[in-house]
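Bear in mind the structure is a predicted one, so any value in this text is a computation, not a measurement. Throughout, protein chains are lettered first and strands after them, A, B, ... in sequence-line order, and every chain is numbered starting at 1.
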Amino acid sequence: MATKNNTLKLKFDSARKYAPAPESKAAAKIDAKYDLFINGKFEKPLSKKYFATTNPANEEKLADVAEANAADVDKAVKAARNAYEKTWKKMPAKERAKYIYRIARVMQERARELAVIETLDGGKPIRESRDFDVPTAANHFFYYAGWADKLAYAFPNRNAHPLGVAGQIIPWNFPLLMAAWKIAPALATGNTVVLKPAETTPLTALKLAQIIQEADLPPGVVNIITGAGATGAAIVNHPDINKIAFTGSTDVGKIIQKAIAGTAKKATLELGGKAANIIFEDAPIDQAVEGVINGIFFNQGHVCCAGSRLYVQESVFKEVYRKLKDRLATLIVGDPLDKNTDIGAINSKQQLDTIHKYLKIGLKEGAEMYEAPCELPKKGFYCRPTIFTNVAQSSRIAQEEIFGPVLTIQTFRTDDEVLEKANNTPYGLSAGVWTDKGSKIFNMTTRLRAGVVWANTFNQFDPTSPFGGYKESGYGREGGLHGLNAYVNLV
Amino acid sequence: MEAAPRNAEGMRSIAYSGTAADRKTNAALHKQLKTFVLHLIVTIKIMTDKKISYLPDFTLSPRIDQVGIEERAARITKRSIKKETKVNGLLLTLNMIDLTTLEGKDTEGKVKQLCYKAMHLMDVYEGLPTVAAVCVYPSMVKTAKKALEGSGIKVASVATAFPSGQAPQSVKISDTKYAVQQGADEIDMVISRGKFLEGEYNFVFDEIAAIKEACGEARLKVILETGELVTYDKVRRASDIAMYAGADFIKTSTGKISPAATLPVTLVMLQAIRDFYYKTGKMIGMKPAGGISKSKLALHYLVMLNEILGEDWMNNKWFRFGASSLANDVLMQLMKEKTGIYQGKDYFSID
């Protein structure tokens, strides 16, 4: 029999103790106060109100941001309508494309500044905003710029007409990237836009407004207004909006759906998720473990398609769990501006409270909790990467979206069993399958009911690939050819 | 166990031996039986030596996903190593170098100069460590041993018909024994890549075990020559074979084949070492060799080691760089950290 080595342990304390390597804040120019971007200009809000946006890593205020009320929303929608009717709709498609390309290029030129602001305002590690958020956002503009004058090829034998004014409401987890996901296809298809970023992370969208100004986009084609839930509701309920594009929670998604029922407004909703990530015994285990880490701890777990439910075949559970714990021991949690940080700050106090609530629920349900052995900064909102084992399908922590760095692990015995369990959720945004066997990949991916299924990888995004959900994860697709469809009437 | 097919052959030879079979065939079959028994004895010896109670089926070595392993290796390079961490890393790098000269034109003079450099990397910089070892051909071991006397620096010798390994086992064993007799503290052997690619894993296993025996007290580094194995799956399998057969170190390359050491290949091997450690409790060393000539890359390797195997491996007992020109780049970086300015390469001696 194998030698018993359960007591063997690798030591990783030094792996978390690299000298600080902070990115310079000087790269980011943040104004003290931001107004609403309407009709190509920054205008004071009619509401006369402002709210503060803070850095979740140290709870310091970054800037005051205008709070748009219904009158401001109306002003923005009118500007968008005017620009749609008088300029944008009539402009030759190849001219539209030039503007979109220009936005993409300016974003690339100012990538460093955007990355630093994204990290300051949202708490995500600079490694991610620098290597993922900003470049992917620019890529979305490049990609859709290319489609603008080729819509006849996207929809052969049909005429693609723009819808009009799109009201777009985006979340706080990928502020700049979500703005790009929404704005780029809308512009490429000839629509104009009123966009509202989340109230905790408005700064990169406002930087994008400055970039749009710099790119000399005709006034009113893109309007960016800030505010919280009431502002969003005013956009959704405005009678002159033709389309709502929303990314956020399933609860708000349901409210929007009710609000637009009976109107001619079209909608795409990209909502919550509770993705299954499935490791079979024949998987390349070390790469699967790394994929699990990327799947759940990417962006502090604030990812709607995060692989939060891990299913491991029983025969390899011990090995996977041990390796996960080893990997957790090398994750660096701390200052998001440090280039070595793996996991940054939780986006807000409110979200941290939600995560803590679920940790308590998990313990109460009798699950075993393992937290990474790292120290947390004294100030700011932080959460240790956490794994729950001894979890059942009936546990709330395995059913509800936590939206934080919390993983649940369940074991399974057969393919059919895991398939049934993976699909046994009201959500269906994404899933992952890890196996060395090609036929098993195809068998599983065709039967998993999720908008995106990754095989032997996780959390990969590309502008060419459509993204969207089944069931309570929403409807409509963003990205790729499918993403154009959401912004056109085909005649 | 791996011996099944040979076992069948062996049994058949016994069954036929009583008939009036061709003597030639009979002799061949007897030889096969002998090989089998030898393999069995070697295996049992290894198992008792190392307290390994079974040998895995090497054809079932874990599979490696190419995209995944390369992504992980790339992420390790994102670590930003600054200030005191950088200085400590650079000093450690120097201390882990196997300063190497493996040329047809090597002479005693060249080796003596290299040995002096090994002991005096840069005397103006006080408190520098020495390198870990000097690595030479067997014919130069005696010279190196004498030159390094009392310095604590080890003498490593390549052996086993380095770099191709295309020689009979008897030649390889005597090559090894010669190097050890001349005073080598460490032996860097090459595996038979041809046999490995033919699927003759028993052959490769037995050969490593035989060399290990010939090494006596000398530590054995087993060179997989990953550039000739090509796939990560094969690198992993060869790593497993080498460790179970008795390697003290596994090493990527001879330096004569391109590509030599790469970060993903090293990652595969480090993970194999970790799995072996978890299974057996035995620590195995790692030596990436060839193509590592810049400090920054060396620091990436150390970060990888630190995050895959942890602190216990962060010393020259368990990790080496096989390199000839890395030392000077490290010295240049250290001087830069100390003085704030880069100095020209003529301020660093070439030996």
By a 4.5 Å heavy-atom criterion (distance strictly below it), what part of B:Leu267 contacts chain A: side chain, backbone, both, or neither?
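It is neither, since no heavy atom gets under 4.5 Å.
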Less than 4.5 Å to any heavy atom of chain A: does that hold for the side chain of B:Val303, its backbone, both, or neither?
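Answer is both: backbone and side chain atoms of B:Val303 are under 4.5 Å from chain A.
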Taking [options] one by one, which has the highest count of heavy-atom pairs under 4.5 Å against chain B?
options: A:Asp282, A:Asp131, A:Asp342; result: A:Asp342
options: A:Thr341, A:Ile285, A:Asp326, A:Ile293; result: A:Asp326
options: A:Lys339, A:Arg16, A:Arg127; result: A:Arg127

So, for B:Ile308 and A:Phe12, which heavy atoms are closest and what is the spacing to 0.1 Å?
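Nearest heavy atoms, B:Ile308 then A:Phe12: O-CZ, 3.5 Å.
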With no hydrogens and no angle check, is any side-chain donor or acceptor of [X] less than 3.5 Å from a backbone partner on [Y]?
X: B:Glu311; Y: A:Ser14; answer: yes
X: A:Asn340; Y: B:Ser80; answer: yes
X: A:Gln287; Y: B:Asp65; answer: yes
X: B:Arg63; Y: A:Asp436; answer: no

Ignoring hydrogens and geometry beyond distance, is a side-chain donor-acceptor pair present between B:Glu71 and A:Gln460 at under 3.5 Å?
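Distance-only check passes for B:Glu71 and A:Gln460.
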Kindly compute the distance separating CD (B:Glu307) from CG (A:Leu331), expressed to the nearest 0.5 Å.
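It is 8.5 Å, given to the nearest 0.5 Å.
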Going from CG on A:Leu8 to NZ on B:Lys279, what distance comes out if it is rounded to the nearest 0.5 angstrom?
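The CG atom of A:Leu8 sits 12.5 Å away from the NZ atom of B:Lys279.
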4.5 Å side-chain heavy-atom contact, A:Tyr18 and B:Asn306:
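Touching, per the 4.5 Å side-chain cut-off.
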So what's closer than 4.5 Å to chain B heavy atoms on A:Lys323: side chain, backbone, both or neither?
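Only the side chain of A:Lys323 comes within 4.5 Å of chain B.
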Before you tell me yes or no, could you show the steps for B:Asp275 and A:Asp286 under side chain to side chain contact (heavy atoms under 4.5 Å, CB included), namely the whole-Å CA-CA distance, both residues' side-chain angles and the distance that decides it to 0.1 Å?
CA-CA 10 Å; B:Asp275 289 352; A:Asp286 284 305; 4.2 Å; yes
Are there more than 12 heavy atoms of other residues, nucleotides or ligands under 6.0 Å from atom OH of B:Tyr125?
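Buried by this count: over 12 neighbours within 6.0 Å.
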If you count heavy-atom pairs within less than 4.5 Å of chain A, which of B:Lys82, B:Lys83, B:Gln271 leads?
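Heavy-atom pairs under 4.5 Å are most numerous for B:Gln271.
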Check for me whether A:Arg322 meets the cation-pi criterion with B:Tyr278, that is, NZ or CZ under 6.0 Å from the six-membered ring centre and within 45 degrees of the ring axis.
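Checked: cation-pi criterion met.
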